[in-house]
Amino acid sequence: MKRYYKTIRRPVRRPGAEQFTLLMLLSFAASVALTRLFLELTGYPQLGGGELHVAHMLWGGLLLFAAALLPLVFANRWVYLLGSFLAGVGIGLFIDEVGKFITQNNDYFYPAAAPIIYAFFLICVLIYLQLNRPPPRDARAELYTAFEMMEDVLDHDLDAGERADIEARLRFVIAQTERPDLAGLGQALLDYLTQEGIYIAPSTPGYIDNLAAQLRKIEERYFNRQRFRSLLALGIGILGLFSLVIPLQTIASYIQPVALAGGFAFAQQGVSNPLSGWFFQLQLMQAGVGVVLIVGAAFLVTGREHQGLRLSFFALLLYLSVVNLLLFYYNQFSTIITASIQFALLLGVLYYRQRYVEYPESENKSSL
């Protein structure tokens with residue numbers, strides 16, 4: 001029997017790892033949100049009868065098994081794409097029932113379940129952000145990538161852009177004099193790749209490329225820097241206003257002035273102090289973030305872009321990473337809607353900063 005395992009070497013990042021991780025993240029988030037929405041709309045039905053109950057966690061485990069099995073059986077690169085999607089859906093279905101396994105009475109609606117799921121999602125986001133950084137280049141890693149990309153040669157699917165990418169990697173390997181053995185291998189691969197007999201497939205843009213092109217056309221036609229900034233400031237300002245007003249209304253609904261006592265008393269008799277502990281801290285944090293967002297939006301409106309983008313970025317980051325953990329505990333999965341809005345605004349801030357601030361030469365200066 002051939003031995004398929006040897007001494008463990010330094011790991012090499014797979015090409016496209018960040019894209020596979022992003023697909024897993026999106027399918028994970030969609031799986032949890034759609035599962036909760038479906039159960040809410042259908043009245044939480046159960047599969048099975050009598051003592052039998054087939055929980056959707058089991059379907060998640062089945063999808064996770066398929067996601068783990070596929071790359072063990074097949075060598076094609078599309079397997080990683082399919083496996084990423086199945087893994088994300090499987091994780092969502094599995095972790096959605098975490099409340100049953102952290103409580104003695106198997107409470108699916110346990111309040112801490114929602115922030116646990118959200119915290120796990122944030123950990124996955126951190127992993128994706130780490131993978132999104134370009135890895136350090138060395139001859140060994142470049143050859144790993146080149147060998148995997150050569151799959152397109154076998155399937156007659158290599159286009160001109162992919163060929164140029166492989167050639168650039170191989171030329172980098174050849175230039176590394178500290179590993180003459182790898183340089184020789186890179187030269188042999190480059191000689192093979194540049195021969196005339198290699199089939200070059202026509203470059204046809206896929207659905208994602210066509211969608212990106214359409215979005216760029218829409219941006220060039222309807223948005224310039226001023227309009228984009230105004231729209232971004234409007235969204236951040238509205239979010240900041242709601243984040244400030246709602247906590248203040250919540251606090252005011254629990255207390256009422258008592259003139260004779262010279263202080264305040266609870267408006268709802270027989271209710272334990274709701275303004276103590278984490279609930280009160282949540283109101284203060286949310287209101288504080290709201291103030292920062294309003295200031296950031298005001299800076300954007302008045303043209304102080306650097307200050308406005310910096311304040312908005314850190315306020316949205318604080319919202320997503322800290323405040324939402326408590327919001328998920330008290331408001332449960334309805335927080336998904338506001339978290340999605342916050343995430344969209346954060347992406348808008350990052351895109352605006354990259355397109356118009358860090359690389360101003362890419363600005364569309366046409367007046368609309």
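Note that the structure is a prediction, hence the values are computed from the model and not measured.
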(request) Using only heavy-atom distances, determine whether the side chains of Y356 and E305 contain a donor-acceptor pair under 3.5 Å. (result) no
(message) Under a 4.0 Å threshold between the charged nitrogen and the carboxylate oxygen, would D155 count as salt-bridged to R77?
(response) no
(message) Going by the rule salt bridge (Lys or Arg N to Asp or Glu O under 4.0 Å), which residues pair with R310 if we only count those two or more places apart in sequence or in a different chain?
(response) none
(message) Ignoring hydrogens and geometry beyond distance, is a side-chain donor-acceptor pair present between Q195 and D191 at under 3.5 Å?
(response) no
(request) Taking atom CG of L129 as the centre, report whether more than 12 heavy atoms of other residues, nucleotides or ligands fall under 6.0 Å from it. (result) yes
(request) Could you name each residue pair satisfying salt bridge (charged side-chain N to carboxylate O under 4.0 Å, His left out) that touches residues 33-45, not counting sequence neighbours? (result) R36-D96
(request) Begin with the C-alpha distance, continue with both residues' side-chain angles, and end with the deciding distance and a verdict on side-chain contact (heavy atoms from CB on, under 4.5 Å) for T338 and F242. (result) CA-CA 11 Å; T338 55; F242 275 93; over 6 Å; no
(message) Checking one residue: L143. Which other hydrophobic residues are in its cluster under the side-chain 4.5 Å linking rule?
(response) F147, M149, M150, V153, L158, I166, L170, V173, I174, L182, L185, L189, L190, Y192, L193, I198, I200
(request) Locate the shortest heavy-atom distance separating S340 from I336; write the atom from each residue and the value. (result) OG-O, 2.8 Å
(message) With a sphere of 6.0 Å drawn around CD of Q226, does it hold more than 12 non-hydrogen atoms of other residues, nucleotides or ligands?
(response) no
(request) Please tell me if the side chains of E97 and Y108 come closer than 4.5 Å, counting only heavy atoms from C-beta onward. (result) yes
(request) Measure the shortest side-chain to side-chain distance between L316 and F343 over non-hydrogen atoms and say whether it is less than 4.5 angstrom. (result) no
(message) Quick check: do I95 and F28 have side-chain heavy atoms less than 4.5 Å from each other?
(response) yes
(request) Specify the closest pair of heavy atoms between Q332 and Y110, including all atoms of both residues, with the distance to one decimal. (result) OE1-O, 4.2 Å
(message) Taking side chain to side chain donor-acceptor pair (under 3.5 Å) as the definition, give me every residue that meets it alongside R163, ordered by chain and number, with sequence neighbours left out.
(response) E167
(request) Using the six-membered ring of Y352, assess whether NZ or CZ of R229 lies under 6.0 Å from its centre and within 45 degrees of the ring axis. (result) no
(message) Measuring from atom CD of Q176 to atom CZ of R140, what distance do you get when rounded to the nearest 0.5 angstrom?
(response) 14.5 Å
(request) Just grab all the side chain to side chain donor-acceptor pair (under 3.5 Å) pairs involving residues 85-94, residues at least two apart or on different chains. (result) none
(message) Is there a side-chain contact between L39 and H56 in this structure, where contact means two heavy atoms from C-beta onward sitting under 4.5 Å apart?
(response) yes
(request) Please examine the side chains of R225 and V357, heavy atoms only from C-beta on, and report whether any two atoms are closer than 4.5 Å. (result) yes
(message) Here's one to test your reading of the geometry: is the NZ or CZ of R14 within 45 degrees of the ring axis of F20 and under 6.0 Å from its centre?
(response) no
(message) Side chains of T335 and Y118 only: does a donor on one sit below 3.5 Å from an acceptor on the other?
(response) no
(message) What I'd like to find out is whether the side chain of V322 reaches to under 4.5 Å of the side chain of M285, using heavy atoms alone.
(response) yes
(message) Rounded at 0.5 Å granularity, tell me how far CG in L345 sits from CG in L350.
(response) 11.0 Å
(message) If you apply the rule side-chain contact (heavy atoms from CB on, under 4.5 Å), what do you find for V32 with F121, and how did you get there?
(response) CA-CA 10 Å; V32 174; F121 178 77; over 6 Å; no
(message) With a sphere of 6.0 Å drawn around CZ of F65, does it hold more than 12 non-hydrogen atoms of other residues, nucleotides or ligands?
(response) no
(message) Is the shortest side-chain heavy-atom distance between R179 and D138 below 4.5 Å?
(response) no
(request) Kindly write out the residues that satisfy side chain to side chain donor-acceptor pair (under 3.5 Å) with Q307, not counting sequence neighbours, or none if the list is empty. (result) none
(message) How close do L300 and A233 get, counting heavy atoms only, and between which atoms?
(response) CB-CB, 3.9 Å
(request) May I ask you to check whether N324 and Q342 show a side-chain donor-acceptor distance below 3.5 Å? (result) yes
(message) Would you say that F85 contacts L26 through its side chain, given a criterion of any heavy-atom pair below 4.5 Å between the two side chains?
(response) no
